[in-house]
Q: 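Below you will find the structure I want to go over with you.
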Amino acid sequence: MRQDAEEKVARYQMICELGQMVTSEVNLEALFDLIIRQTTRIMGCEKASVFLFDPRHDQLWAWASTDLTRNSIRISKSCGVAGWVFSSKVALILNDPYNDPRFFPGVDTRTGFRTRSILCIPLLTRQQQAVGTLQALNKISGDFTDEDRELLTAASYYMTIALENAKLYEDLKELDRARERVIHHLSHELRTPLSILAGVISRLKKALNTAGPGADLERTLLRGERNLERLVSIQRKIDDILSGREDAAEDAPDLHQLAQRLLSEVVDEAADTSPELVRRLADRLAAVTRRRRIVRERVKLGLLLQSVCDTAEAAMRGRELCLMRHFGGEAEVYTDGGIIGSVCEGLLKNAIENTPDDGVVEVSLEMDGDEIRITVTDHGVGITPANQTLIFSGFFHTQPTEHYASKKPYQFNAGGAGADLLRIKSFAARLGFHIGFTSRRCPFLPKDEDSCPGRISACRFIRAPGECYANSGSTFTLRLPAGPAEGPSPTA
């Protein structure tokens, strides 16, 4: 009797030690290794496993285990003992698992491990929400008992708190990495046009001081115009995002004013200024920065999408892509046609730039009761799960900055400032439509740094384009209320 009491005290002492160890560990991998080792030690068992719930895929997956490699096993959240315990939030002891219908022998088959007994408990948060399960397998000294269940349940409270803390820490690190990536990307995106503009202005000043404008000077000016528009495009997207937030809009960088000052400096310092060149530059600058009010009107979406697709096909000339159109029925809405057109143009441009040659991009318009759906689907490489959570966060690009290179619009992996989707999200809030997306990342290119050759026929992983279409891609969906609702005329 005394020996049993001493053993119980020793086991609870191990739980106290476990609490001290796990609550001070914020690295998820190290934490899971620690949980597995301590569970095996406290329960006197051969193996242990942790299954976590992945809400994105509605599955349980083995993050770490003494017999499984990380992320190697995925099961339905209702499959097997782990699934039953997760769904019911009730601990379970099976000392003869192969004769219980809840046991799933597939994991044993895959790993070569023979399960003789199981103690499985749910990992519950303080709000009694299940985040996964913890399993002790094959008790060495006999069968698992209710005392074992109580002991492991007590230990699990520490484990769940530690898991929540570690997950929060990982989320904060991911946000920090995303912020750093945004800064690097914007720096990269701005560096090239700024350098070109600096060179253009310098050359323009010298040329105007030494000779009259000629063909060479004309080309220089056109180059400066293109890169100025590139910079102003970023500023215009920022304005769209900040619209409705007057305080933020007031603090937004005014690239228009900056460019006008630069233009004034050229005029002031040049001895021989060409009025025509200066006027053209000023007019172009005003055109690309001019703000517009929201004007609600009856918009025929079929005609609008035809125009958007025609423009995209002309812009992507030279690309070997198939742009398919599926416009069913007459769809009319009461909204700002210019903004909806800009949104659809941005989504289609994004789809084209993320689809390799030999690929397919589809634009669909459907009526569903009181709702209209516009979908833009590409069969490109897709978006990684980590990036899917950040894609609407603004100035976020799916390519690593070190692999990023600006290209002409509509080219594969053309790049950009990364503000388009946040801008669309801002438009959705202002006009009352919904934007959503689904995406599947190419299984052969799971990481951001994995690169696609840019042509499906050049891919070494597949034999036919159909395999590419089936494996990956993204679909963005706009949902708008059907019918031309009556409303006020132009609004701000």
Side-chain angles (χ1 to χ4, degrees), residues 28-29 31-124 129-145 148-149 152-153 155-156 159-160 163 167 382 384-385 438 440-447 461 467 470-472:
L28 270 177
E29 290 198 45
L31 176 61
F32 273 94
D33 288 341
L34 180 60
I35 289 174
I36 294 302
R37 290 197 308 271
Q38 293 303 314
T39 298
T40 305
R41 174 170 166 252
I42 293 171
M43 301 311 301
C45 60
E46 294 180 6
K47 307 285 184 182
S49 297
V50 174
F51 278 85
L52 286 185
F53 179 56
D54 178 0
R56 186 175 292 111
H57 297 95
D58 208 32
Q59 292 176 322
L60 292 171
W61 55 281
W63 178 288
S65 171
T66 51
D67 61 310
L68 307 175
T69 58
R70 177 177 173 177
N71 201 22
S72 62
I73 299 291
R74 282 186 174 269
I75 60 175
S76 165
K77 68 177 182 180
S78 59
C79 177
V81 171
W84 187 90
V85 169
F86 173 81
S87 300
S88 65
K89 302 180 184 179
V90 175
L92 181 65
I93 295 174
L94 291 181
N95 287 313
D96 188 12
Y98 275 85
N99 286 322
D100 191 293
R102 290 169 292 191
F103 178 67
F104 174 62
V107 175
D108 277 9
T109 301
R110 180 169 175 177
T111 62
F113 179 78
R114 176 75 178 185
T115 303
R116 298 191 308 274
S117 58
I118 302 174
L119 167 56
C120 184
I121 62 169
L123 296 173
L124 301 175
Q129 187 175 27
V131 296
T133 65
L134 172 63
Q135 296 184 101
L137 307 173
N138 294 359
K139 185 176 179 180
I140 295 171
S141 63
D143 291 343
F144 286 112
T145 64
D148 294 324
R149 175 180 53 79
L152 194 56
T153 299
S156 74
M159 298 177 186
T160 306
L163 286 170
K167 184 62 169 65
T384 63
T438 59
R440 289 180 301 163
R441 180 72 175 185
C442 174
F444 308 113
L445 307 171
K447 300 178 181 178
F461 298 108
E467 295 179 46
N471 280 328
S472 60

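From a predicted model like this one, the values you see are computed outputs, not experimental measurements.
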Q: Could you give the distance from OG (Ser117) to CD (Glu46), rounded to the nearest 0.5 Å?
A: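 So the gap between those two atoms works out to 8.0 Å.
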
Q: For residues Phe103 and Asp108, determine if any side-chain heavy atom of one lies less than 4.5 Å from a side-chain heavy atom of the other.
A: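 A side-chain contact under 4.5 Å exists here.
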
Q: Can you name the closest pair of heavy atoms from Pro122 and Ala91 and give their distance?
A: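 Minimum heavy-atom contact is CD-N, 3.8 Å.
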
Q: How far apart are the closest heavy atoms of Thr384 and Lys447, and which atoms are they?
A: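 Heavy atoms of Thr384 and Lys447 come nearest at CG2-C, 4.4 Å.
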
Q: Considering non-hydrogen atoms only, spot the tightest contact between Cys120 and Ala82 and give its length.
A: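 Minimum heavy-atom contact is SG-CA, 4.1 Å.
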
Q: Please step through side chain to side chain contact (heavy atoms under 4.5 Å, CB included) for the pair Val50 and Met159, ending with a clear verdict.
A: CA-CA 11 Å; Val50 174; Met159 298 177 186; over 6 Å; no

Q: So how far is it from Ile36 CD1 to Leu134 CG, rounded to the nearest 0.5 Å?
A: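 Between atom CD1 of Ile36 and atom CG of Leu134 there are 6.5 Å.
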
Q: Please round to the nearest 0.5 Å and tell me the distance separating atom CE of Met43 and atom CG of Asn138.
A: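 Met43 CE to Asn138 CG: 12.5 Å, rounded to 0.5 Å.
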
Q: If you look at every heavy atom in Ala136 and Cys45, which pair is closest and at what distance?
A: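 Minimum heavy-atom contact is CB-SG, 3.8 Å.
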
Q: Which of these passes side chain to side chain contact (heavy atoms under 4.5 Å, CB included) with Phe144: Asn95, Ile118, Leu94?
A: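 The residue from Asn95, Ile118, Leu94 that satisfies side chain to side chain contact (heavy atoms under 4.5 Å, CB included) with Phe144 turns out to be Asn95.
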
Q: Would you say that Leu152 contacts Thr39 through its side chain, given a criterion of any heavy-atom pair below 4.5 Å between the two side chains?
A: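 Side-chain contact under 4.5 Å: yes.
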
Q: With a 6.0 Å cut-off (strictly less than), is the heavy-atom count around CD of Gln129, excluding the residue itself, greater than 12?
A: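 Incorrect, the count does not exceed 12.
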
Q: Compare every heavy atom of Phe104 with every heavy atom of Gly80, then report the nearest pair and how far apart it is.
A: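 Scanning both residues completely, I find the closest heavy atoms to be CA-CB, 3.7 Å.
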
Q: About how many Å separate CG of Asp143 and CD1 of Ile93, when rounded to the nearest 0.5 Å?
A: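 Ile93 atom CD1 to Asp143 atom CG measures 9.5 Å (nearest 0.5 Å).
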
Q: Quick one: list whatever passes ring-ring contact (aromatic ring centres under 6.0 Å, His included) with Phe53, sequence neighbours left out.
A: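 Phe53 satisfies ring-ring contact (aromatic ring centres under 6.0 Å, His included) with Phe86 once adjacent residues are dropped.
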
Q: Roughly how far, to the nearest 0.5 Å, is NZ of Lys47 from OG1 of Thr115?
A: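 Spacing of OG1 (Thr115) from NZ (Lys47) equals 10.5 Å.
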
Q: Where is the tightest heavy-atom contact between Phe51 and Ile75, given as atom of each residue plus distance?
A: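 The answer is CE2-CD1, 4.2 Å.
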
Q: Do any pairs count as a salt bridge (Lys or Arg N to Asp or Glu O under 4.0 Å) and have a residue in residues 82-103, sequence neighbours left out, and if so which ones?
A: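 Salt bridge (Lys or Arg N to Asp or Glu O under 4.0 Å) check on residues 82-103 returns Asp100-Arg102.
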
Q: Going from CZ on Arg114 to CG on Leu137, what distance comes out if it is rounded to the nearest 0.5 angstrom?
A: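 Rounded to the nearest 0.5 Å, the CZ-CG separation comes to 13.0 Å.
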
Q: Between the side chain of Arg149 and the main-chain N/O of Thr153, is any donor-acceptor distance below 3.5 Å?
A: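 A pair under 3.5 Å: no.
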
